[in-house]
Amino acid sequence: MSARAARAAAVAALLAGCLAACGIPTTGVVEAGEPAAGIHQQVTLYFVRAEDGALATAYRTADTHVDAELAVGMLLKGVGDAEAKMLGLASDLPPAGATVRIRGGTVTVDLGASADVVSRTAVDQIVCTVRANPDTTDPAGTGTPQVVVTAQGVPVPWRPEGVDCSTAAEPWPDKPGRPTAPRAGGSVSGG
């Protein structure tokens, strides 16, 4: 072996020894706080503008998968104090729980209240909220769901023409609680 090759072998052995014994001990899993919570997803909820009875959207975030059941549960919790004060929002839903069943492209929301206390506006709130939060993991990919609302198992009368959720007004960021201009299109209020 030449002197050059011997020196190269000695340097390689020295580097290998240094790297192997660099003083960093091996460890197991180190606890360093909470695990990542994931991505926050937006939930669109439909409430009622107290000023004119029209539907308006409010947004919340969820740390879990968003579907109709989660959205209806959030809707039933009602408007927050800030939404009520700043945006003039209210809810027409009766204070009762609900059961949400999802089968294929149909979402059935059964309210715990009797049918005679459920207004058409309350049904609009539910229908628009369900349609705004489709189950993105649905393997059938059915798109916009058919929504059926019942109260204690009894079908709730709804608008024969349905509701066009796209005509619902957004909250007005420049003047909370008041429209900046009249909106064109059909009304979704009722009762």
Side-chain angles (χ1 to χ4, degrees), residues 39-102 107-136 144-152 155-191:
I39 298 173
H40 298 291
Q41 295 185 354
Q42 179 173 290
V43 182
T44 304
L45 306 175
Y46 281 80
F47 290 109
V48 181
R49 284 196 318 238
E51 181 177 283
D52 61 5
L55 292 187
T57 52
Y59 302 98
R60 308 266 168 83
T61 57
D63 292 333
T64 185
H65 170 72
V66 175
D67 63 7
E69 185 172 11
L70 176 78
V72 169
M74 288 180 155
L75 181 67
L76 289 172
K77 289 180 182 176
V79 295
D81 290 339
E83 293 165 329
K85 279 185 176 180
M86 294 176 57
L87 300 176
L89 298 180
S91 179
D92 214 33
L93 290 166
T99 303
V100 178
R101 290 184 308 279
I102 304 168
V107 176
T108 302
V109 179
D110 186 31
L111 296 170
S114 65
D116 60 340
V117 298
V118 179
S119 70
R120 288 184 176 174
T121 301
V123 175
D124 291 347
Q125 283 183 255
I126 293 168
V127 170
C128 290
T129 295
V130 169
R131 288 182 179 167
N133 299 285
D135 186 350
T136 56
T144 304
Q146 166 87 19
V147 184
V148 176
V149 180
T150 59
Q152 296 178 345
V156 177
W158 193 45
R159 302 172 195 285
E161 73 279 4
V163 63
D164 180 6
C165 299
S166 67
T167 63
E170 295 284 327
W172 313 276
D174 60 332
K175 202 169 188 187
R178 302 197 187 282
T180 56
R183 293 183 62 98
S187 172
V188 292
S189 62

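The first residue in the sequence is number 1, and the count goes up from there.
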**Message:** Would you compute the distance between atom CZ of R60 and atom CG of N133 and round it to the nearest 0.5 angstrom?
**Reply:** 11.5 Å
**Item:** Trace of the side chain to side chain donor-acceptor pair (under 3.5 Å) decision for T99 with D110
**Value:** CA-CA 5 Å; T99 303; D110 186 31; 5.3 Å; no
**Heavy-atom side-chain contact between I126 and L75 under 4.5 Å** = yes
**Prompt:** What are the two closest non-hydrogen atoms of V79 and A84, and how far apart are they?
**Reply:** CG2-CB, 4.1 Å
**Request:** Report the C-alpha separation of C128 and L55 in whole Å, then their side-chain angles, then the decisive distance to 0.1 Å, and conclude whether the side chain to side chain contact (heavy atoms under 4.5 Å, CB included) test is met.
**Result:** CA-CA 9 Å; C128 290; L55 292 187; 3.9 Å; yes
**Asked** Does any N or O in the side chain of Q42 come within less than 3.5 Å of the main-chain N or O of T61, such that one atom is a donor and the other an acceptor?
**Response** no
**Message:** Any donor-acceptor pair under 3.5 Å linking the side-chain atoms of T44 with those of Y46?
**Reply:** no
**Item:** Flag side-chain contact, heavy atom, 4.5 Å: V109 against V148
**Value:** no
**Complete:** Value for OG1 (T129) from CG (L70), rounded to nearest 0.5 Å, stands at 11.5 Å
**Spatial distance of atom CD (Q125) from atom SG (C165) [nearest 0.5 Å]** = 11.0 Å
**Check: L76 and L93 side chains under 4.5 Å, non-hydrogen atoms** = yes
**Asked** If every non-hydrogen atom of P94 is compared with every non-hydrogen atom of V118, which pair is closest and at what distance?
**Response** CG-CG2, 4.1 Å
**Message:** Quick check: do L89 and R49 have side-chain heavy atoms less than 4.5 Å from each other?
**Reply:** yes
**Asked** Is the closest side-chain donor-acceptor distance between D92 and S119 under 3.5 Å?
**Response** yes
**Request:** May I ask you to decide if V66's main-chain N or O and Q41's side chain share a donor-acceptor pair within less than 3.5 Å?
**Result:** yes
**Request:** Could you tell me whether the side chain of T108 reaches within less than 4.5 Å of the side chain of V100, counting heavy atoms only?
**Result:** no
**Fill in**
Note: E83 and A58 closest approach over all heavy atoms is OE2-CB, 3.4 Å
**Item:** Shortest non-hydrogen contact between A113 and A151, atoms and distance
**Value:** O-CB, 3.1 Å
**Asked** CD of E69 to CD1 of I102: how many Å apart, nearest 0.5 Å?
**Response** 6.0 Å
**Asked** How close do A98 and V72 get, heavy atom to heavy atom, and via which atoms?
**Response** CB-CG1, 4.4 Å
**Message:** On a heavy-atom basis, which atom in M74 and which in A62 lie closest, and how many Å separate them?
**Reply:** CE-CB, 4.2 Å
